[in-house]
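Let me begin by presenting the structure, written as structure tokens, before commenting on it.
For the single chain, residues carry numbers from 1 onward in sequence order. Atoms within a ligand are numbered from 1 in the order they appear, just like the ligands themselves.
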Amino acid sequence: MSWGVFDSGVGGLTVVRALRARLPEAHLTYLGDTARVPYGIRSVATVRRYAAEAAEFFRRRRVEGLIVACNTVSAVALDVVESGFPGPVLDVVRPGVAAALEATRRGRIGVIGTPATIRSDAYGAGLRAARDGLVVVSRACPLFVPLAEEGWTDGDVPRLAAERYLAPLIEAGVDTVVLGCTHYPLLRGVIGRVMGPEVTLVDSAEAVAAVAEQRSAALERAGRGEPDRCFVTDAGGAFAEVAGRFLGAPIERLEEVALGT
Ligand code: DGL
């Protein structure tokens with residue numbers, strides 16, 4: 001089956017990596033809106049406008065299904081993507097919520113993400129709607145995005161940032177933390193060390209890849225045998241270099257595309 005994977009930039013490649021492990025046959029078309037990243041610090045109205053343009057891009061490319069890898073878009077603009085794309089649309093929030101509910105032992109869950117994701121309370125609302133009595137503590141961690149892109153995923157700087165950001169989660173005694181941003185799986189080591197070994201980290205990239213695997217099997221569509229393609233809205237930056245770290249493999253060819261035209 002062919003899937004489009006949409007993200008604000010390079011971060012959605014963590015979802016591509018998880019998808020590749022489960023669906024080696026799938027044909028993946030990636031779009032990173034590198035000209036306008038980051039989305040997580042923008043207004044809801046702006047993110048919704050960008051999301052509509054991305055949905056239109058994938059509708060025209062005729063991919064069969066669409067995976068919204070970006071937590072920010074999943075949190076504030078999923079309805080926009082769903083109404084602009086004719087096939088199945090998967091987001092990262094619902095699978096992340098389901099995985100957190102499965103993981104929690106004492107019903108105390110931490111959620112970390114971009115400011116827009118945390119402000120939307122999409123994870124918190126999803127968790128509380130699914131189970132009464134949960135304690136959910138959410139925290140925006142905006143510096144984690146540039147740290148992951150710089151490759152500063154270990155050492156004093158990310159540790160100090162993590163200690164500051166995660167203090168309220170530790171204080172609340174959470175037993176599970178949802179990594180509600182594409183970039184946070186790269187900081188898994190430092191987040192895990194700061195939270196301690198008793199705390200389970202839920203990776204929404206992994207969670208959506210598992211759902212995509214089930215949906216691909218249910219839809220029973222064969223892969224089209226086309227090569228994967230990687231589109232960006234600005235190929236001028238360090239995308240290819242940073243992408244290698246997120247994907248765990250080099251990107252062979254980048255194609256530049258303009259959205260909203
Ligand atoms: N992809 C975004 C997310 O998962 C993080 C980067 C951004 O702010 O655009 O929320």
Side-chain angles (χ1 to χ4, degrees), residues 4-19 30-55 58 66-78 80-81 89-97 99-100 110-124 126 138-153 158 161 165 177-188 191 201-209 230-234 237-239 242-243 245-247 259:
V5 181
F6 167 50
D7 183 49
S8 54
V10 70
L13 293 172
T14 53
V15 172
V16 170
R17 188 177 191 162
L19 285 168
Y30 186 82
L31 172 65
D33 192 4
T34 48
R36 305 189 291 197
V37 71
Y39 282 13
I41 55 167
R42 301 199 192 284
S43 69
V44 169
T46 297
V47 174
R48 288 173 72 81
R49 180 159 52 84
Y50 294 169
E53 292 171 5
F58 284 110
L66 180 51
I67 298 172
V68 181
C70 182
N71 286 255
T72 303
V73 174
S74 296
V76 307
L78 185 63
V80 172
V81 179
V89 176
L90 306 185
D91 69 299
V92 282
V93 172
R94 286 175 294 197
V97 164
V111 178
I112 54 176
T114 66
T117 298
I118 298 305
R119 256 197 320 269
S120 77
D121 196 34
Y123 278 103
S138 302
R139 186 81 159 99
C141 307
L143 286 178
F144 282 174
V145 166
L147 285 172
E149 294 202 3
E150 278 294 303
W152 288 24
T153 52
Y165 283 142
V177 175
V178 181
L179 306 179
C181 172
T182 47
H183 289 56
Y184 299 178
L186 275 84
L187 291 151
R188 198 188 181 106
I191 294 169
L201 303 185
V202 168
D203 179 348
S204 38
E206 270 300 325
V208 74
C230 184
F231 292 91
V232 289
T233 50
D234 183 338
F239 183 92
V242 178
R245 277 203 301 277
F246 279 69
L247 189 60
L259 295 182

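Applying the side chain to side chain donor-acceptor pair (under 3.5 Å) test to every pair with at least one member in residues 37-48, sequence neighbours left out, gives these pairs: Asp33-Tyr39, Ser43-Thr46, Arg48-Asp79. Applying the salt bridge (Lys or Arg N to Asp or Glu O under 4.0 Å) definition to pairs two or more places apart or across chains, none involves residues 138-150.
Here Val76 pairs with Val44, Val47, Ser120 under the side-chain contact (heavy atoms from CB on, under 4.5 Å) rule; sequence neighbours left out.
Side-chain contact check for Leu13 versus Tyr30: some heavy-atom pair is nearer than 4.5 Å.
The pair Arg17-Glu206 does not meet the salt-bridge criterion, since no charged nitrogen lies less than 4.0 angstrom from a carboxylate oxygen.
Listed by chain and residue number, the protein contacts of ligand 1 are Asp7, Ser8, Val37, Pro38, Tyr39, Gly40, Cys70, Asn71, Thr72, Thr114, Cys181, Thr182, His183 (heavy atom within 4.0 angstrom).
Taking CG from Asp234 and OG1 from Thr34, the interatomic distance works out to 5.0 Å, rounded to the nearest 0.5 Å.
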